[in-house]
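In the text below, chain A, chain B and the rest are named by the order of the sequence lines, each starting its count at 1.
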Protein chains: 2
Amino acid sequence: MTQRKERADALRNREAVLAAADDLFARSQSPRSVSMDDVAAAAGVGKGTLFRRFGDRTGLIQALVEARIEPLRQAVETGPAPLGPAGPPRERVLAVLDAVLRFKLDNRHLSLALEEAGSGSPYQAGHYVWWHRTLRDTLLKIPGIPDGDFTAHALLAATRADLVEYLAGQGGMTADDMSARLANYTAKILD
Amino acid sequence: MTQRKERADALRNREAVLAAADDLFARSQSPRSVSMDDVAAAAGVGKGTLFRRFGDRTGLIQALVEARIEPLRQAVETGPAPLGPAGPPRERVLAVLDAVLRFKLDNRHLSLALEEAGSGSPYQAGHYVWWHRTLRDTLLKIPGIPDGDFTAHALLAATRADLVEYLAGQGGMTADDMSARLANYTAKILD
DNA sequence: GACTATATGGACCGTTGGTCCGTTTCGCAA
DNA sequence: TTGCGAAACGGACCAACGGTCCATATAGTC
């Protein structure tokens, strides 16, 4: 039942791949321009190894995002207010949405890659479901929000990676500006 | 300066391709499973012809969507209230969003195909820009909406094809139900 | 040091979007 | 009707990609 210990070379290679992929995505113009061959080459590893470790392209990207998002997840799940579960729900909704937005801004390429990696919609991905549930549950604690489920979807939609990318890129909108606008918008919903 | 008349065979083939593609997308589970080869074969046309006409995959899908959406566009641009420009802006915003939602529900596969066809984000596509501008301009006529531009993006994001697909599919939500929820949500913004 | 489970890597494959160009067809004009 | 140039045709072809396979190499254990 207990997992055999991971071999040292396997561990080393896995980290090399993650580091190389992270770097490649960060430098790339569009996630599409980063091929699995590129990642393998940059990591100094064979393709077989790459796919053995991560299953497929989506798996690799998920692992990458997972690593980056973990601290935020912790902060939301067990951290202090306003992000954590303890504070007043209204503030928490605002804090969570802001955190999501800033995460996507700070990790534009990766978030973009994750969204379009979709074998199917992003809405089935584990991380989305988790964000949605968290947000919905928090919304439901606020009186006068009739439809937490849909509202959570709609609010999260306003932070979609490609929209954020577009506003930051073409629109030349700064992070703080976008954050403020999103907060305003959300506030209307929470009146 | 004046365009040479389109040759009869070209016209015939273009319509055959559009019809075949429309049909293939409608029947397909996922737009990804419809290849350009499939389309060419179903239309009884060579690949060369297909690409000569439509440039690339995105071009074909855009042409398809264009054809379907034209009446709606007309209705919004020059039709009667509530969709047209004459009525009160608040009602128009609601009407337009509802129309977008229902369009995506009625043309799920096509809308999905368009969104993921992206060579780049969907936000650069002509049709998106048009919807956004229309919505923004209408929002700006309503007193107390401070940020029409962002608000228009955010509201449109709530009708993203993959979200709609997800809610209709996995969530088993009916069209009327989704429409009502979206209206409620929008109403909060417009208070 | 031998032995086994595990990891490795790169040749290989099927599919796809897109191109190229020799051939066919259209439409006009004489 | 016929001749002819411009336009359209179609399918062989190509490069790139994600993903598989398996003969070989290596880590860890006794």
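For the pair B/Asp37 CG and C/dG17 P, the computed distance is 7 Å after rounding to whole Å. B/Phe54 places its CZ atom 16 Å from the C1' atom of C/dG17, with the value rounded to the nearest Å. In this structure, CG of B/Asp56 is placed 8 Å from P of C/dT19, rounded to the nearest angstrom. For the pair A/Arg14 CZ and C/dT6 P, the computed distance is 16 Å after rounding to whole Å. At whole-Å resolution of the value, CD1 in A/Ile61 and C1' in D/dG18 are 12 Å apart. Whole-Å rounding puts the A/Met36 CE to D/dA15 C1' distance at 19 Å. Straight-line distance from the CZ atom of A/Arg57 to the P atom of D/dA16: 16 Å, rounded to whole Å. Note: CZ (A/Arg32) to C1' (D/dG18) measures 13 Å, nearest angstrom.
Taking CD of B/Glu115 as the start and CG of B/Leu163 as the end, the distance is 9.5 Å to the nearest 0.5 Å.
Nucleic acid contact for B/Arg53: sugar-phosphate only, since backbone atoms but no base atoms lie under 4.0 Å from a heavy atom of the residue. Within 4.0 Å (heavy atoms only), A/Ser35 reaches sugar-phosphate atoms of the nucleic acid but no base atom. Residue-level contact check: B/Arg7 touches the bases, meaning some heavy atom is under 4.0 Å from a base atom.
Map B/Ala8 and B/Arg52 each onto its nearest nucleotide of DNA chain C; the residue landing nearer the 5' end is B/Arg52. Along DNA chain D, the nucleotide closest to A/Asp38 and the one closest to A/Gly48 are compared, and the more 5′ of them pairs with A/Asp38.
Residue A/Thr49 has a polar side-chain atom (N or O) positioned under 4.0 Å from OP1 or OP2 of C/dG9. Distances shown here put every side-chain N or O of A/Asn13 at or beyond 4.0 Å from the OP1 or OP2 atom of C/dA7.
Aromatic ring pairs are classed by plane angle as parallel below 30°, tilted from 30° to 60° and perpendicular above 60°; the pair A/His153 and A/Tyr128 is parallel.
In the set D/dG10, D/dC9, C/dG18, C/dG18 carries the atom at the smallest distance from any side-chain atom of B/Lys47.
Taking a cutoff of 4.0 Å between a charged side-chain nitrogen and a carboxylate oxygen, A/Arg73 and A/Glu66 qualify as a salt bridge.
Between B/His132 and A/Tyr166, the gap from one ring centroid to the other reaches at least 6.0 Å.
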A/Asn13 vs A/Thr49, side-chain hydrogen bond (donor to acceptor under 3.5 Å, both in side chains): CA-CA, chis, key distance, verdict: CA-CA 8 Å; A/Asn13 280 335; A/Thr49 303; 5.2 Å; no
